[in-house]
> 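Pasting a structure below so you can have a look.
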Amino acid sequence: MDTIKTEVCNIIEGAIHAAVAAGELAISEVPTIPFSPTKTPEHGDIATPVALGLAKQARMAPRSIAEIIVKHIDSDTHAIIHQIDIAGPGFINIQLSDNWLYETLQTIAAAQKDYGTCDKGAGKRVQIEFVSANPTGPLNIVSGRAAAVGDTLVNLLNAIGYEAIREFYVNDAGGQVQRLGESIDVRYRQALGEEALEIPEGGYQGEYIREFAETLVETAGDKYLELKTDERIARFRDKGIAHILGQQKASLERFGVNFDVWSSEKAIRESGKPEKIIQLFQEQGYLYEAEGATWFRMTDFGDDKDCVVIRQDGEYTYFVPDAAYHRDKFDRGFTTVIDLLGPDHQGHISRLKNFVKALGLPDDWLEISIIQQVNLVDAAGKREDMSKRSGHFLTLDNLIDELAETVGEQFAVDVARYFFLMRANSSHLDFNIELAITHASENPVFYIQYAHARCCSIFEQGSEQGITSKPVEEVSLKHLTELMEHELIRKLAEFPSIVRLSAETREAHRVPHYLHELSGIFHPYYNQHRVLDPADMEKTHARLILIQSVQTVLKNGLTLLGISAPAAM
RNA sequence: GCGCCUAUAGCUCAAUUGGAUAGAGCAACGGACUUCUAAUCCGUAGGUUGCAGGUUCGACUCCUGCUAGGCGUGCCA
């Protein structure tokens with residue numbers, strides 16, 4: 001499709017130049033040729049509103065501009081163009097010759113699992129950091145959303161030639177994990193019979209803390225009471241981090257997400273890099289002392305407030321290791337780094353970007369996307385707050401467990417992934433667990449998977465009848481004459497640009513929507529037209545090529561999403 | 001107060017980044033299994049795109065001002 005577009009671009013540009021040369025069009029500059037979507041077959045295969053855009057400059061009605069442009073296109077000399085029409089206010093609709101459709105099928109047959117990929121990002125290394133949940137509790141569905149999106153974005157970037165990796169930043173240092181240690185300590189001592197203890201302010205109330213503390217008692221009894229309180233809490237903190245991190249990893253693996261790199265905040269803090277950052281900021285005059293703390297001149301970077309980098313108690317605020325961590329990412333040689341953050345990190349964006357700027361790194365090197373929140377809602381549609389500290393939340397594992405009861409383990413992962421992936425990153429989504437479970441079997445992912453299974457089934461059925469598909473070179477594709485067949489091929493041809501657009505805009509949801517649309521053309525076709533027809537083997541073979549192409553694209557698309565493409569359902 | 005996100009069919013969401021008649025899925029109603037899988041298909045119904053202006057050939061999309069919800073906003077991450 002892309003090569004076709006550039007070819008058509010050239011033809012139209014040529015026509016505009018010719019029109020200008022002939023004195024029929026008074027414009028000073030030929031714009032880049034835009035393309036608009038062709039929603040109905042009447043719009044042809046490719047459409048451009050270029051004449052509409054030229055109206056002002058040329059001081060002419062868009063429709064007559066379109067007429068002039070079309071007049072200068074000699075369709076006889078351009079084999080790919082079958083017919084050109086002018087429609088509506090001045091759209092130029094181009095119908096391509098059928099050859100183009102056949103070439104699309106040949107391309108897919110040749111590329112197979114590589115159809116949809118390109119080498120646009122060749123030589124560029126990208127890191128996507130996502131999830132990065134505190135190791136203070138199980139992953140909730142918000143992390144699940146981030147995991148699905150981040151994982152798919154990495155797939156998409158790799159598909160268009162980038163060398164992209166998944167990275168998880170473990171916040172295993174600082175106040176949050178300290179609270180974790182304290183919370184475990186309270187539960188531990190309670191398990192040993194101490195009363196009148198309470199989870200400290202900002203501590204973790206979740207049941208999983210109690211359970212973990214009880215396993216500590218089971219394995220070691222009251223041994224830890226021999227330690228001094230500080231030491232015991234530190235020990236519990238480290239044990240708790242290891243335990244919870246292990247659970248998080250297991251949940252992610254179950255969800256089909258495998259991180260390439262796990263980075264530790266603690267390791268960053270102990271590497272001496274934060275000190276270097278402070279030193280650098282100091283030298284550049286970005287720091288000053290006030291109220292017993294050290295401040296960074298964020299206002300120099302346009303922010304309305306300065307911010308503390310070293311607290312009164314001498315500890316770094318999280319900005320410092322975070323800045324050091326991003327410096328470290330840069331040193332590791334990534335061309336681009338993408339952070340997927342939750343909406344609660346909104347205030348973090350401009351600061352982090354400013355720190356990166358203060359470190360002298362390129363402006364566009366760090367990209368930050370917010371994956372919006374997932375709200376739990378009850379049957380009445382009322383929001384329920386989720387909070388790790390209060391212990392009230394829906395875990396990713398719970399979600400998959402519940403879904404698995406209705407649709408089985410593999411499909412549970414598919415359903416959950418699809419559910420998160422089909423939404424734009426910016427959409428705030430309300431999640432009703434009851435509804436999600438009762439409607440699990442109605443998840444649109446099945447519509448797509450079923451289309452794939454049907455394709456497989458045709459080949460299955462074919463081989464039972466002794467019909468095996470021929471290589472595309474030996475098949476006369478001219479037999480694909482149905483309108484729906486052409487429509488299907490046009491859709492298949494869109495796939496590579498969907499992949500590219502999705503990757504470049506970091507919006508994974510286009511892929512699920514595309515696959516759903518493709519399936520939405522396939523199913524009616526399947527219902528109305530028989531593929532296997534022993535009475536007409538020429539047509540049968542042509543249709544098998546088409547079915548194979550549909551199968552390939554569905555499979556490739558689902559693979560990008562980390563969703564299974566079953567051969568039977 | 002300020003900053004960011006969101007508001008589209010009864011519900012959940014799209015709309016190729018300014019293009020043609022705003023589309024899907026659920027839910028509702030009516031139909032189709034002796035056929036390569038009915039997890040499917042065909043049909044009906046559903047809209048002042050939160051409100052008010054503006055920009056232009058053209059606005060769900062961009063600008064301004066409102067309204068509502070969410071998130072953030074100098075020592076949690």
Side-chain angles (χ1 to χ4, degrees), chain A residues 34-40 42-43 47-49 51-53 55-56 61-63 87-91 93 132-134 136 171 173-179 202 265 290-296 298 303-313 315-319 322 342-350 370 372-373 375 381 383 422-424 426-430 432 435 439 441-444 446-447 449-451 453-455 457-462 464-465 467 494 497-498 501-502 505 507 509-510 513-514 516-517 519-520 523-524 526-533 547 568-569:
Chain A
F35 288 104
S36 66
T38 52
K39 283 178 191 161
T40 75
E42 296 140 44
H43 295 170
T48 171
L52 303 174
K56 194 170 202 177
R63 224 184 142 99
F91 286 94
N93 294 337
S132 295
N134 285 332
T136 53
N171 301 119
Q176 305 284 323
V177 288
Q178 190 60 31
R179 296 297 94 72
E265 179 184 350
E291 300 169 41
T294 304
W295 297 68
F296 181 90
M298 200 53 87
D303 211 307
D304 54 353
K305 282 165 186 167
D306 290 338
C307 67
V308 171
V309 287
I310 303 176
R311 304 193 312 227
Q312 284 176 345
D313 62 7
E315 290 288 320
Y316 295 131
T317 59
Y318 68 98
F319 296 120
D322 227 25
D344 52 332
H345 286 69
Q346 178 52 237
H348 201 45
I349 297 179
S350 64
I370 295 284
Q372 274 296 346
Q373 58 205 342
N375 297 311
R383 280 211 183 87
M422 68 191 289
R423 269 76 180 206
S426 61
S427 88
H428 304 210
L429 66 95
D430 285 345
N432 180 331
L435 228 55
H439 288 259
S441 55
E442 286 156 10
N443 188 288
F446 294 125
Y447 188 74
Q449 291 180 316
Y450 189 50
R454 275 181 153 176
C455 289
S457 160
I458 291 171
F459 289 106
E460 186 82 7
Q461 201 46 234
E464 277 176 26
Q465 294 175 26
I467 303 170
E494 275 180 38
S497 54
I498 295 290
L501 188 71
S502 268
T505 57
E507 288 283 3
H509 75 281
R510 294 170 194 285
H513 281 278
Y514 165 82
H516 199 266
E517 283 167 14
S519 306
H523 283 304
Y526 178 94
N527 261 275
Q528 287 170 41
H529 303 283
R530 263 195 89 75
V531 173
L532 301 171
D533 180 6
I547 297 305
M569 291 177 74

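Quick note: numbers below take in every heavy atom, side chains included, and nothing from hydrogens, waters or symmetry partners. Note that the coordinates shown come from a computational prediction; the quantities given were computed from them, not determined experimentally. Chain identifiers are assigned alphabetically (A, B, ...) following the order of the sequence lines, protein sequences preceding nucleic acid strands; residue numbering begins at 1 within each chain.
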> How should the glycosidic conformation of U64(B) be described, syn or anti, under the criterion that syn lies within 90° of 0?
anti
> Roughly, in whole Å, what's the span from CG in N375(A) to C1' in G69(B)?
10 Å
> So if I take every side-chain heavy atom of E265(A) and compare against A38(B), A77(B), C71(B), which nucleotide ends up nearest?
A77(B)
> Describe the nucleic acid contact of L532(A) in one word from base, sugar-phosphate, nothing, applying a heavy-atom distance below 4.0 Å.
base
> Applying ring pair (Phe, Tyr, Trp, His ring centres under 6.0 Å), name anything that partners H43(A), two or more places apart in sequence or on another chain.
none
> Out of C41(B), A38(B), C75(B), which nucleotide sits closest to the side chain of V308(A)?
C75(B)
> Between G72(B), A27(B), A39(B), which one does the side chain of D344(A) approach most closely?
G72(B)
> Whole Å only: how far is the CD1 atom of I310(A) from the C1' atom of C75(B)?
11 Å
> Assign H516(A) to base, sugar-phosphate, or nothing according to its heavy-atom contacts below 4.0 angstrom with the strands shown.
sugar-phosphate
> Counting the atoms with a prime plus P, OP1 and OP2 as sugar-phosphate, which does A451(A) contact under 4.0 Å by heavy atoms, base, sugar-phosphate, or nothing?
nothing
> Considering every strand and a 4.0 Å limit on heavy-atom distances, what is the contact class for N93(A): base, sugar-phosphate, or nothing?
base
> Measuring from the side chain of A87(A) (C-beta onward, heavy atoms only), which nucleotide among A20(B), A39(B), C75(B) has the closest atom?
A20(B)
> It should be established whether Y447(A) places a side-chain nitrogen or oxygen under 4.0 Å from OP1 or OP2 of nucleotide C41(B).
yes
> Please measure how far the C1' atom in U17(B) lies from the corresponding atom in U35(B), and state the result in whole Å.
45 Å
> Return the nearest nucleotide to the side chain of Q312(A); candidates are A27(B), A38(B), C75(B).
C75(B)
> What's the verdict on side-chain contact (heavy atoms from CB on, under 4.5 Å) for Q176(A) and N171(A), showing C-alpha distance, side-chain angles and the deciding distance?
CA-CA 8 Å; Q176(A) 305 284 323; N171(A) 301 119; over 6 Å; no
> Could you check whether G88(A) gets within reach of a base, just the sugar-phosphate, or nothing at all, counting any heavy atom under 4.0 Å?
nothing
> Roughly how many Å apart are U21(B) and G3(B), using the P atom of each and rounding to a whole number?
37 Å
> With a 4.0 Å cut-off on heavy atoms, is A568(A) in touch with a base, just the backbone sugar-phosphate, or nothing at all?
base
> Rounding to an integer number of angstrom, what distance separates U44(B) and A7(B) when you compare their P atoms?
30 Å
> So what does Q461(A) touch, heavy atoms closer than 4.0 Å: a base, only the sugar-phosphate, or nothing?
sugar-phosphate
> Go through A27(B), C71(B), A77(B) for me and flag the one nearest to the Q346(A) side chain.
C71(B)
> Within the sub-3.5 Å range, which N or O atoms of nucleotides 6-14 of chain B have a protein N or O partner, and how far apart are they?
unit_1: U6(B); atom_1: O4'; unit_2: H428(A); atom_2: NE2; d: 3.3
unit_1: U12(B); atom_1: O2'; unit_2: R423(A); atom_2: NH2; d: 2.2
unit_1: C13(B); atom_1: OP1; unit_2: H428(A); atom_2: O; d: 3.4
unit_1: C13(B); atom_1: OP1; unit_2: D430(A); atom_2: N; d: 3.2
unit_1: A14(B); atom_1: OP1; unit_2: A424(A); atom_2: N; d: 2.7

> Looking for any heavy atom pair under 4.0 Å, which part of the strands does T505(A) touch: base, sugar-phosphate only, or nothing?
base
> Whether Y318(A) contacts A77(B) is assessed here as follows: a side-chain N or O lying under 4.0 Å from the phosphate OP1 or OP2. Is that the case?
no
> Evaluate the criterion salt bridge (Lys or Arg N to Asp or Glu O under 4.0 Å) for residue pair D313(A) and R311(A); output intermediate values, then yes/no.
CA-CA 5 Å; D313(A) 62 7; R311(A) 304 193 312 227; 2.9 Å; yes
> If you look at every strand shown and take non-hydrogen atoms under 4.0 Å, does N171(A) touch a base, only sugar-phosphate, or nothing?
sugar-phosphate
> Any idea which of G19(B), A38(B), U40(B) is nearest the H523(A) side chain?
U40(B)
> Within the structure shown, what part of the strands sits under 4.0 Å from P62(A) by heavy-atom distance: base, sugar-phosphate, or nothing?
nothing
> Quick one: label Q372(A) by what it contacts on the DNA or RNA (base, sugar-phosphate, nothing), any heavy atom closer than 4.0 Å.
sugar-phosphate
> If you compare every side-chain N and O of R311(A) against the phosphate oxygens of C76(B) (OP1, OP2), does one of them come in below 4.0 Å?
yes
> Rounded to the Å, how far apart are E507(A) CD and C5(B) C1'?
13 Å
> Are F91(A) and the base of G19(B) stacked, counting only ring centres nearer than 5.5 Å and planes tilted under 30°?
no
> How would you label the contact of R530(A) with the nucleic acid (heavy atoms, under 4.0 Å): base, sugar-phosphate, or nothing?
base
> Taking only the side-chain heavy atoms of R510(A) (C-beta and beyond), determine which of U16(B), A39(B), A38(B) contains the nearest atom.
U16(B)
> Can you check whether R63(A) has a side-chain N or O nearer than 4.0 Å to OP1 or OP2 of C57(B)?
no
> In which stems does RNA chain B show up, taking only runs of three or more Watson-Crick or G-U wobble pairs whose two distances fall under 3.5 Å?
B:1-7 with B:67-73, B:10-13 with B:23-26, B:28-32 with B:40-44, B:50-54 with B:62-66
> Between C76(B) atom C1' and Q176(A) atom CD, what is the distance in whole Å?
5 Å
